[in-house]
Protein chains: 2
Amino acid sequence: MLELRLVQGSLLKKVLEAIKDLVNDANFDCSSTGFSLQAMDSSHVALVALLLRSEGFEHYRCDRNISMGMNLNNMSKMLKCSGNDDIITIKADDGSDTVTFMFESPTQDKISDFEMKLMDIDSEHLGIPEAEYHAIVRMPSAEFAKICKDLASIGDTVVISVTKEGVKFSTRGDIGTANIVVRQNTTVDKPEEATIVEMNEPVSLTFALRYMNSFTKATPLSNTVTISLSSELPVVVEYKIAEMGYIRFYLAPKIEEDEDETKP
Amino acid sequence: MLELRLVQGSLLKKVLEAIKDLVNDANFDCSSTGFSLQAMDSSHVALVALLLRSEGFEHYRCDRNISMGMNLNNMSKMLKCSGNDDIITIKADDGSDTVTFMFESPTQDKISDFEMKLMDIDSEHLGIPEAEYHAIVRMPSAEFAKICKDLASIGDTVVISVTKEGVKFSTRGDIGTANIVVRQNTTVDKPEEATIVEMNEPVSLTFALRYMNSFTKATPLSNTVTISLSSELPVVVEYKIAEMGYIRFYLAPKIEEDEDETKP
DNA sequence: TTGACAGAAA
DNA sequence: TTTCTGTCAA
């Protein structure tokens, strides 16, 4: 028996908006700790890890560990039927091959339940080792989203370089080149507007903008984003989910190619 | 000679937005009583009835009863050329095969007139008997529109069931099932937010969501919608048009099929 | 008042 | 699928 009651149901809608373009089907894992997901994107290049801790739910009952395979597009369709202020309850009976999403309007005048078939999904749960990163950048998530979107109109890849001066995002395309430098800045009115660069060692890594722009779908979940970089390691793009957990995206850097890669 | 001056011209634009997807060509009937229309949808399944009473017009002159056949798409195109605050005047000379729409901007700085050819349309004016309904539900039109839209993302048909507890909208599709229960609620701040269920007898009827979602195009015309249900009778979905009349949609229920309809 | 976003139409 | 428009928020 599983029953998870989430007062701020819009959180779950946003989570699905953030991952459904990247991953088609995935197992949600429930344990007494929380509600989590780990999945590779459909082209097996990026990895998503989601955690919603049990403490973040108004009511959390999970009698035994259970893994529920869902089609994220269908799940998202159903969640879209909830109002933004609705309370969402996820229910599953033991041994059932369905999951039920219940939506309660704030006034309790409208109560909906949506039942969805579960699927069997081979899950390869990777252990992700905690790593030391050469550089960790925390910045406003909207600013990071705009940078990735802007650069994608010029080129396909972004070079993220961290020095003690700040972070540089660069790209190059047919129509020209672009460099966006963001300096560390902690003297702001609100802490979520700060840009903080923690650097042990300078790094410069190249990533596919296509994936970065998928990751920024999570922007509505948090005002800030944390980007952790080490040479030879996948970058981690993390959005904290208030009081509940996080959504993390992992993406391996591209091996830097020669300058004249465009002239084969 | 016909001359109808409507100060709130946007009303007429909204009316056409509401019916032009359902009906291609229709006769507008003018009499001293008002401006009305009755037409079957192009697949002869649903019926639209519109009434704009003469009292709702600033000036209403209709010397003799006249029926004007119009292509609603073309009429809508012309009305889209009017500003939302414009005063619209509909004119037709006796014996003329055209109708003229005149638009006056609120400041009178811009006056446009659009002339459109009339068409001959065989009209089968059905007498719609006043019926006693088993149940009449009045609810916010936006809420009804969201329910129909949400359910259409899951299934093709909706079962509307009225009991003394309230109204239930249900559907079933490939990805799962959905039930939305709306309870009677009269203790709201604004009367247009109330949901009122008048029930003489419980009813449960099935309708094609495709048509329901056409009907909800009329949502901008009214904050509330009234749904009148009787077994064996077409449902009536009515939007009142402030101070002027109504637009009503009629749709026959589907005959409930067997549970195993999906296994032919 | 303007821009961004999402939904609708082509 | 892409574009456009309407609406919402800043």
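Computed from a predicted structure; not experimentally measured. Numbers restart at 1 for each chain; the letters A, B, ... are given by sequence-line order, proteins then strands.
- The separation between B/Lys80 atom NZ and D/dC4 atom P is 15 Å, rounded to whole Å.
- At whole-Å resolution of the value, CG in B/Asp150 and C1' in C/dG7 are 14 Å apart.
- Rounded to an integer number of Å, the gap from B/Lys13 NZ to D/dT5 P is 13 Å.
- With rounding to whole Å, B/Asp21 atom CG is found 6 Å from C/dA9 atom P.
- D/dG6 atom P lies 9 Å from atom CD of B/Glu17, rounded to whole Å.
- Note: CG (B/Asn213) to P (C/dA9) measures 12 Å, nearest angstrom.
- Using bins of under 30°, 30° to 60° and over 60° for the plane-to-plane angle, the ring pair B/Phe144/B/Phe169 lands in the tilted bin.
- Using modelled atom types, one finds a donor on one side chain and an acceptor on the other under 3.5 Å when comparing B/Asn179 with B/Ser170.
- Protein atom NZ of A/Lys217 is 9 Å distant from nucleotide atom P of C/dA6, rounded to whole Å.
- Atom NZ in A/Lys149 sits roughly 7 Å away from atom P in C/dA4 (whole-Å rounding).
- Ring-plane geometry between A/Phe103 and A/Phe114 is classed as tilted, the angle between the planes lying from 30 to 60 degrees on a 0 to 90 degree scale.
- Heavy-atom distances to DNA chain C give each of B/Lys20 and A/Lys146 a nearest nucleotide, and the one nearer the 5′ end belongs to A/Lys146.
- Salt bridge B/Lys217/B/Asp21: present, at least one basic N to carboxylate O contact under 4.0 Å.
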